Each structure stands twice: as C-alpha cells, then as structure tokens.
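Here's the structure, in structure tokens; my notes come after.
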Amino acid sequence: MASAYAAVDGARLSSILSKLPEVGAKLGGQPAEWRVREVGDGNLNLVFIVEGPAGGVVVKQALPYVRLVGESWPLPLERSWFEYNALVEHARYAPRLTPKIFHFDREQAMIVMEYLSSHLIMRKGLIRGVEYPRFAADIAEFLAETLFNTSVLAGSAAEHKRRVELFARNIELCRITEDLVFTDPYREAPLNRWTRPHLDADKRAFEKDSALKIAAQARKYQFLTAAQALIHGDLHTGSIMLNESDTRVIDPEFAFVGPIGFDVGAVIGNLYLAYCAQEGHESSPGARDPYRQWILDQIAAVWTGFHDRFLALWRKAKQGEAYVAGLVASPQDEAAMEAERARFMRKLFEESLAFGGLKMIRRILGLAHVEDLESIADPAKRAVCERKALAIGRELVLGGAAFSGIADANAAAKAARA
Ligand code: SR1
Ligand code: MG
C-alpha cells in the first residue's frame, strides 16, 4: 500500500530509495553508505543529491507550501504530477535535452532523476561569466521541438484536447504566474519587494504607467486563453543545466497548454537580465564587455535558431490538424501558406519579446527575484542595473512592433544600458 505523503529527510529518503532496484543499482553499495544532501535553493521544493559508491541520483520532492514564503502559502503537491508528465512529453520530443527519469511517486510528490554532476545551473554560469558553446543551438532545438510537436500544427485535435485537459488542472501554479508576472508588479501587493529606496520612484512610475499595465493585462489574457502548445511555463536560466557539451531543461512544474511565446520570452528575458547584471559582477568597468556581447549574440542565436527550426518542422509536417497539409496543392497555395507562416512567426516574435519583458520586470518589482541581480551586494550598484533592466523590459513589452528583427531588440538593450 502507498504510504501517506511526508516531506523526507536523509534517512527516510534512503529507505524509500532502497526499495527501488534500478535506483539501488545506480547508487551501489548499501543504503547506509549513501550520502544524502539537501541542495534545493529554488522557491518551491526540496531537492536532494544522493550519492553511493557507484553513482548518484537527484530526488525532487514537492512541499505542500511555497518554500520561499512558508506554510502560510499552501501549494498542491499535485504539481509534481504535472512536472512528471511534462518531463515525459519533453523526453519524447527533445530526449537529448531532458533529464532521465528513474522513478515517479505520485503519493510522495517525488521524482527521482539523473544526477547531472558535471552540469551547472546556467544562471550561476552567467554570473561567473562562463560561455557555453552549445547553449543557443540546444535551447533553440528544445523550444522548437517541444513547442511545435505539442501543438496542433503537428498533431491531432483529439490529442491536443487530451493534453489541454490533463494540464488544465495545474491551476495554482498558473495562478502564481498570473499574479506574480502579469499583475502584482503593477500594484501594491503585500509580497512585492524592490531595492529600496533606490527604486521607489521607479516602482510608483510603473504602477501609473497606463500603456504598460494594459499591455501586461493583454498578455495575461493571452496566457489565460491561448492553448497553443505544452509550455514549460518557467523556462528561466535557473531551469537550464549545462556544461561545455551538454544542455538539459529541468523543472517544468508550471507546465500547461499555453502561449508559445511565453517560453521563448522567458529565455530571452532572463538573458537580458543577465546582460544588465554584468555591471555588478565585473572586476572593473568594461571588463565584461566581451561577455555582454556574448549574451546578446546568444539572444539573437536563440531566436533565429528557434525561428528556423520551428518553420522547418512546420514545412515538413503532414499530420497537423491546423493548416491541413492536403489543402496546399498548387504553387499559389504554397506561396499563400509561406506568407501565413511568416505572419505567424512575426506575431510570435512580438509576443515572445513582450512576455520576456514582463518576466524581466517581475524579477525586479515583484516577489521572486533572481540571483543575477540579488548577488550584487551594493544596493546602489544593483539598482543601477535593475533600472536599466526595467527600461529594457518596458521597451520589449511596448516596442516590439517597431523592431524589424532581433538585432533591433539587442540595439535597444544596448542603448538602454549606455
Ligand atoms: C511563489 S513562486 C515564485 C516563482 O518561483 C518559480 O520559479 C516561478 O518563477 C515563480 O513565479
Ligand atoms: Mg523552478
């Protein structure tokens, strides 16, 4: 019989894992020899590294509340079920870029997965100024493959509706995004925080910025209603683990069927945050200029790589329920279809920038911040970086329509930093 949920500690975790032959074999030796460390530094969960004589695994267990805030903010354990299902879908379409899952225990809200001992959380690498040669191509591939293949551009209506139904119950996690990304930064919410007093005036200005507030709400409407594809839902640079030669996307507990641009924008927005934060991490002014340029190059490469691969998948697709391939018969049909694809991708470009901009602003004026900026100890210096990031975020939300391509977004970012 399954045992009732309880948050684990080292001894209980070893006992649970000892009953899983595949995991036991991976760790080797006896449970008493296994070393268990809690390493979670995220906002929500417990994360353990378990190492034995033969190898290691990672165990992620959901807590029944928001770790960042405490027990006063309950959160369903069921999010682990959505995360597991999203990982299964990601493994289907981007197996090379998804961690391997060894075991899932729904009762314990626990996922046992591959220990990526030679990988680093990308956000930490960005703070240190590390360049990752595989990053842009790998993330472009992940985005294109997972987002295209879980949409009705690739599959049947019935399959899509089943996917919508499964993930539609991830209500509370979506609610966090609805409030924390789209609404709270633009009002007085009790858990908001910002670098005070340096950004007090900026916060007040954002609360009064009619165009920005309404644009944020328009994106919220899209987030609530656009069931385009299974999105990761929290694809910031803390959800990417990588090294020189390998990249993995972790932590899709916010997954649901939503707007494609939300994931693309999450990557782009978090790279712009890292770009702005370099000023707080460089040893002398300008020392990180080449690295800043590397980040901008990655932004361009992620968008271009995603765009090209998504389009290539679409041109080849034969089974999509939308834009039925059989209707495109003549050269005129093909030309009209190509024009439609270009229109779709242009719209997605603007949406991705807008979502990215909103995800930048929420990390500066809302509850949950990012280490890129938080690790800048001097608040005055941090506020300088944050103000530039706010300006870039606002420009991405409101100015995307005027950009002819991603190079224009990068030029706007450079201008805001100058
Ligand atoms: C209350 S949870 C705050 C944030 O942590 C997660 O990583 C998501 O980004 C969420 O919005
Ligand atoms: Mg996470």
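All values reported here derive from a predicted model rather than from experimental measurement. Side chains are part of it too, since the values below use all heavy atoms of this structure and drop only hydrogens, waters and symmetry mates. Just follow the structure's listing: the first ligand is 1, and inside any ligand the first atom is 1.
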Step through the shown structure and confirm whether more than 12 heavy atoms of other residues, nucleotides or ligands are within 6.0 Å of OH on Tyr84. no
Could you check Gln278, His281, Arg123, Arg363 and say which one makes a side-chain hydrogen bond (donor to acceptor under 3.5 Å, both in side chains) with Asp372? Arg123
Pairing residues for Ala380 by the side chain to side chain contact (heavy atoms under 4.5 Å, CB included) criterion, not counting sequence neighbours: His198, Asp378
For Arg163, give me all partners under side chain to side chain contact (heavy atoms under 4.5 Å, CB included), at least two apart in sequence or on another chain. Glu89, Tyr93, Thr150, Glu159, His160, Phe167, Leu230, Val257
Give, for atom CD of Gln228 and atom CG of Leu147, the distance between the pair rounded to the nearest 0.5 Å. 9.0 Å
Pairs of donor and acceptor atoms involving the side chains of residues 10-18, under 3.5 Å and at least two apart or interchain, shall be tabulated with distances.
from, atom 1, to, atom 2, distance (Å)
Arg12, NH2, Ala6, O, 3.1
Arg12, NH2, Gln108, OE1, 3.0
Ser14, OG, Gly10, O, 3.3
Ser15, OG, Lys19, NZ, 3.4
Ser18, OG, Ser15, O, 2.7

Between ligand 1 and the protein, which N/O pairs are shorter than 3.5 Å?
from, atom 1, to, atom 2, distance (Å)
ligand 1, 5 (O), Asn43, ND2, 2.7
ligand 1, 7 (O), Asp234, OD2, 2.8
ligand 1, 9 (O), Asp234, OD1, 2.7
ligand 1, 9 (O), Asp234, OD2, 3.3
ligand 1, 9 (O), Arg363, NH2, 3.0
ligand 1, 11 (O), Arg362, NH2, 2.6

